[in-house]
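Structure record follows, encoded as structure tokens.
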Amino acid sequence: MIVILTALDLEYQAVRRHLSDPRVHRHTAGTRFEVGRLAGDGRRVALGLVGKGNHPSAVITERAIAEFSPSALLFVGVAGALWPGVGLGDVVVATHVYAYHGGTSEDDGLKARPRVWEIDHETDQIARHLYRTGAWARHLPAGAAAPEVRFGPIAAGEVVQDSAISAHAQWVRRTYNDALAIEMEAAGVAQAAHHNRSLPMAVVRGISDRADGTKIETDGLNWQPKAVANAAAFAVALAQELAVEHDNRPPSKAREASNMSDNVKNVARDNARVGVQAGHIHGNVTVGHPPQSQAVDPITQLAELRDQLARARKAQEVDEETFTAAEEEIAVAAESLSESTEAGRSKAMIALKRLRGLLADVAELAAHVSAVIAALRSVL
């Protein structure tokens, strides 16, 4: 899976238009993501909104990485150009992200102490190849001309810069004079990705203004939707290429060794019987019927089923509607069993049968429900 994050609703919608069948994915802390598939090749993408600023972007990025364990992460949106040669509508792919607000204030002025994150080499190579081939342009809106794609540093701070002559603007241009664009979220995203085992990350920005006092005019000419449509088109194409690269990556030597160790060969001759033939076994294995004294309590099995259902939801094996309905049936069964009466056990059995029908498409969950039903029948 690839995670794509944006700061503004306008940016979110621009990416969402490239997804088919997006479905809400709720994080336990309240953050809402949407998981869908990229039009054309069906690659799974999780889309999220982080809001303005590097601090919230770092928090939500960390949350998205922990929730989805993506193979790569992209941040998409608009930015202001810092130099006249960068045109409105151009796409900037960040080779570096400067967190430019780090510094020390001394008698002779503000001295920069920036933090910098670079794009990883492989992602940079894939992005440049995508630009050279021009294949990404097929994702642009119908009739839209392909903009310039530029590779260079982006400065990420905590203020909206809309002046070319203010002290802040002059300091940024003087201290970070190779930065092509300026914005407010990339540093937080980059730091969160770096702290997650240097997860491959790319920042793709469309230029919507010149950060020079003319933002009202450029916004009035609808450069924001134009710029973010260009950035979204390049980011979606990059997400597809990153997913393909991940799929085609040869296994490491450690993985190959692990796969070799999984090859288990048993030979049974004469009257010998093989009970279990397996490589790695996760969880309990029972051969034959356990003694009655070892039978698992149905209430304990329900608790295990609830945990298994939550994991299936997180892995997108169960959609939100099914998850909610299944949770309700588990709650009914658990409450009925707690009554310790024949009527309560019968009511629990009915709820479990409904639950098995709800989860019939997920074999592992359906099998667990059947096991609970079997355990309950043994005590009826």
Side-chain angles (χ1 to χ4, degrees), residues 4-19 45 47-54 57 74-98 119 127-128 130-131 134-157 159-164 169 172-173 179-190 201-239:
I4 300 179
L5 300 174
T6 70
L8 307 175
D9 283 310
L10 177 71
E11 300 161 346
Y12 187 101
Q13 293 293 345
V15 176
R16 193 177 188 272
R17 293 187 189 98
H18 294 274
L19 302 184
V45 167
L47 177 61
L49 184 74
V50 303
K52 296 180 181 180
N54 288 297
S57 68
L74 303 179
F75 194 80
V76 183
V78 296
L82 287 176
W83 299 104
V86 181
L88 296 175
D90 286 0
V91 173
V92 176
V93 180
T95 57
H96 306 66
V97 175
Y98 293 131
I119 188 173
R128 291 178 187 273
L130 194 62
Y131 159 66
W136 71 275
R138 69 179 184 274
H139 297 283
L140 288 167
E148 289 291 329
V149 178
R150 303 177 184 277
F151 293 81
I154 283 179
V159 300
V160 176
Q161 181 172 308
D162 191 26
S163 171
V172 168
R173 284 182 167 86
L180 300 182
I182 189 167
E183 41 99 310
M184 298 174 61
E185 292 82 28
V189 175
M201 184 276 303
V203 176
V204 182
R205 292 286 193 173
I207 299 301
S208 62
D209 63 84
R210 298 193 176 281
D212 64 354
T214 61
K215 182 173 173 57
I216 293 178
E217 288 80 357
T218 53
D219 286 353
L221 295 173
N222 289 323
W223 273 110
Q224 274 203 344
K226 295 175 187 176
V228 76
N230 294 343
F234 191 90
V236 165
L238 180 57

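Here the structure is a predicted model, which is why all the values come from computation and not from measurement. Residue indices begin at 1 and follow the sequence shown.
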- Message: Do the side chains of K215 and D162 get close enough for a salt bridge, i.e. N-O under 4.0 angstrom?
- Response: no
- Task: Hey, could you give me the CG/CG distance between L5 and L74, rounded to the nearest 0.5 Å?
- Result: 9.0 Å
- Query: How far apart are the C-alpha atoms of V76 and E11, what are their side-chain angles, what is the distance that settles it, and do they pass the side-chain contact (heavy atoms from CB on, under 4.5 Å) test?
  - Reply: CA-CA 7 Å; V76 183; E11 300 161 346; 5.8 Å; no
- Using a 4.5 Å cut-off on heavy atoms from C-beta on, say whether the side chain of F151 contacts that of I119. no
- Query: Do you know which two heavy atoms are closest between A156 and V97, and how far apart they sit?
  - Reply: CB-CG1, 4.3 Å
- Item | Where G77 and A231 come nearest, the two heavy atoms and their spacing | O-CB, 3.8 Å
- CA sep, side-chain torsions, deciding dist, call: M184, Q161, side-chain contact (heavy atoms from CB on, under 4.5 Å): CA-CA 10 Å; M184 298 174 61; Q161 181 172 308; over 6 Å; no
- Task: Please assess D209 against Q224 for the test side-chain contact (heavy atoms from CB on, under 4.5 Å), listing each intermediate value before the final yes or no.
- Result: CA-CA 8 Å; D209 63 84; Q224 274 203 344; 5.6 Å; no
- Message: Using the rule given for side-chain contact (heavy atoms from CB on, under 4.5 Å), can you reason through V93 versus Y131, listing the C-alpha separation, both sets of side-chain angles and the distance that settles it, and then say yes or no?
- Response: CA-CA 10 Å; V93 180; Y131 159 66; over 6 Å; no
- Can you see which heavy atom on R210 is nearest to which on V86, and at what distance? NH1-O, 3.0 Å
- Query: Rounded to the nearest 0.5 Å, how far apart are CD1 of I216 and CG of L221?
  - Reply: 12.0 Å
- Mind listing the closest non-hydrogen atom pair of A202 and L238 along with its distance? CB-CD2, 4.0 Å
- Query: Are any of the side-chain heavy atoms of P225 and L10 separated by less than 4.5 Å?
  - Reply: yes
- Scan for ring pair (Phe, Tyr, Trp, His ring centres under 6.0 Å) pairs involving residues 208-239, sequence neighbours excluded, and state none if there are none. W136-F234
- Taking C-beta and beyond as the side chain, do R128 and T95 meet within less than 4.5 Å on heavy atoms? yes
- Shortest non-hydrogen separation from E183 to V78 and the atoms involved: CB-O, 4.3 Å
- Query: Do E185 side-chain atoms and N54 backbone N/O form a donor-acceptor pair below 3.5 Å?
  - Reply: no
- Message: Nearest 0.5 Å, please: how far is CD in Q13 from CG in L49?
- Response: 9.5 Å
- Task: Return yes when atom OH of Y12 has more than 12 non-hydrogen atoms of other residues, nucleotides or ligands closer than 6.0 Å, and no otherwise.
- Result: yes
- Task: Of all the heavy-atom pairs spanning A169 and A164, show the shortest one and how long it is.
- Result: CB-C, 4.0 Å
- Item | Result of checking V172, I154, D212, I207 against L82 for side-chain contact (heavy atoms from CB on, under 4.5 Å) | V172
- Query: Which value, rounded to the nearest 0.5 Å, describes the distance between L19 atom CG and I4 atom CD1?
  - Reply: 7.0 Å
